[in-house]
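It should be emphasised that the depicted structure is a prediction, and the values quoted were computed from it without experimental measurement. Order of appearance sets the numbers: ligands from 1, and atoms from 1 within every ligand.
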Amino acid sequence: MKPVSTFDSKKMRVREEIQALDAYRVVESEGLIKLDAMENPYSWPKSMQDEWLEHLRGLPLNRYPDPNGQRLKQTLRDKFDIGHEMEILLGNGSDELIQIVQMCMSTSGSVMLSPSPSFVMYEMAAKFVGAKFIGVPLESDFSVDLSAMRAAIKRYDPAAIFLAYPNNPTGNLFDRAAVDEIVRTSRGLVVVDEAYHIFANSSYYDQLGLHDNLVVMRTLSKLGLAGLRLGFLVGPKTWLSEFEKVRMPYNIGVLTQATAEFALQRLDVFEQQAAQIVAERERLFTVLANTTDITPYPSQTNFILFRSDRLPATELFDRLIEQGVLIKNCHQSDPALEQCLRVSIGTEGDNNAFLAALEKCLA
Ligand SMILES: *Cc1c(COP(=O)(O)O)cnc(C)c1O
């Protein structure tokens, strides 16, 4: 056996904030119905899979990818109506874009801000870059507390504000007028994160260009390509040309560029799947709303947050795993999420299995 290093953690010179962090944990899901990570549950039609494999044949893996992803960006422009007055920044998932933005914006003492609870990466990235993170509590119905936001913006003058629109893990869309006011009163950058736009009935995208400090972020993950890792940020050149400097030149590989282009050419397949997911979400919501001791929260996403009113959330979570269903336990992640769990929308079969398991657990 090799000797185990006994290097003292104090001597390691790894920053104390990093040593104090818990690494992002992914729960083991093998053999379980996986409804914990907002993944699209549908696979591709067989003919599309075959065409894709054909498309990949002969890709030059010995060469570096196009550092600018020109063709992919043009496809994104065509499919999402992105005009040439806006720039696009490609990221290895929007997680990387959050990190890039924060790397550019943080100086010691600068503040990153978002409503809370929201997407955990905003806070994690702030810790990575040594910025201070401020979470402004949402109202009890998960709407934005505008007066608290106003006060926090005034007090901290955040370098960047992150607004998930719709929000994760609560599932709701913030009031548009509230977002307008946040963008208007902030002297820093506002990143509107539209990871779930395909499932929502509103987008902030049409406001791009109307505010100097607004950028909009999207991802292909929730659309059905979580395994691919492609996010994109859209905004004015003044911002994006700065962010571009911090992006590693080959962050989007040959396989990702080719596959994303291929998939976007067939966007209608994913849009149809998203429509099915939305229909299932509405069905699931109605059943949950009629389930004793369960309170679901309205959702504009591909998941539903719900509160367990009798059985402790952690017990319900464990019992669901015994029944073969993995969802997400949000209890203890934030005071506002006490006894809350989050279920991603699966196929009709997955959802029925979840409902049957839930009924058993609550019996
Ligand atoms: C899932 C999620 C993301 C992360 O997307 P990736 O592109 O997979 O990194 C970003 N923002 C929100 C709000 C999310 O829920």
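Residue Tyr122 places no N or O, backbone or side chain, under 3.5 Å from any N or O of ligand 1.
Interface atoms of ligand 1 facing Asp95, defined by a heavy-atom separation under 4.0 Å, are 4 (C), 9 (O). Every atom of ligand 1 with a heavy atom of Ser94 under 4.0 Å away is listed here by number and element: 3 (C), 4 (C), 5 (O), 6 (P), 7 (O), 9 (O), 10 (C). Listed by number with element, the atoms of ligand 1 under 4.0 angstrom from any heavy atom of Ser221 are 6 (P), 7 (O), 8 (O). Close contacts of ligand 1 with Arg229, meaning ligand atoms under 4.0 Å from a residue heavy atom, involve 6 (P), 8 (O), 9 (O).
Taking the six-membered ring where the residue is Trp, Phe306 and Phe354 present tilted rings, their angle falling between 30° and 60°.
Closest to atom 15 (O) of ligand 1 by heavy atom, among Tyr196, Phe119, Phe303, is Tyr196.
In the displayed structure, Glu16 atom CD is contacted under 6.0 Å by at most 12 heavy atoms of other residues, nucleotides or ligands. Applying the 6.0 Å contact sphere to NZ of Lys34 captures more than 12 heavy atoms from other residues, nucleotides or ligands.
Among all non-hydrogen protein atoms, the one lying nearest atom 11 (N) of ligand 1 is Asp193 OD2, 2.5 Å. Among protein heavy atoms, the minimum distance from atom 2 (C) of ligand 1 is reached at Lys222 NZ, 2.5 Å.
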Just list the side-chain donor-acceptor pairs under 3.5 Å for residues 109-118, sequence neighbours left out, or say none.
residue, atom, partner, partner atom, Å
Ser110, OG, Thr107, N, 2.9
Ser110, OG, Thr107, O, 2.9
Ser116, OG, Asp334, OD2, 3.0
Ser118, OG, Asn167, OD1, 2.7

Extract all donor-acceptor atom pairs below 3.5 Å that involve side chains of residues 97-106 and protein atoms in other chains or at least two apart in sequence.
residue, atom, partner, partner atom, Å
Gln102, OE1, Ala126, N, 2.8
Gln102, NE2, Tyr122, O, 3.1
Ser106, OG, Gln102, O, 3.4

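Between Glu322 and Arg319 there is no salt bridge, since no side-chain nitrogen of the basic residue lies less than 4.0 Å from a carboxylate oxygen of the acidic one.
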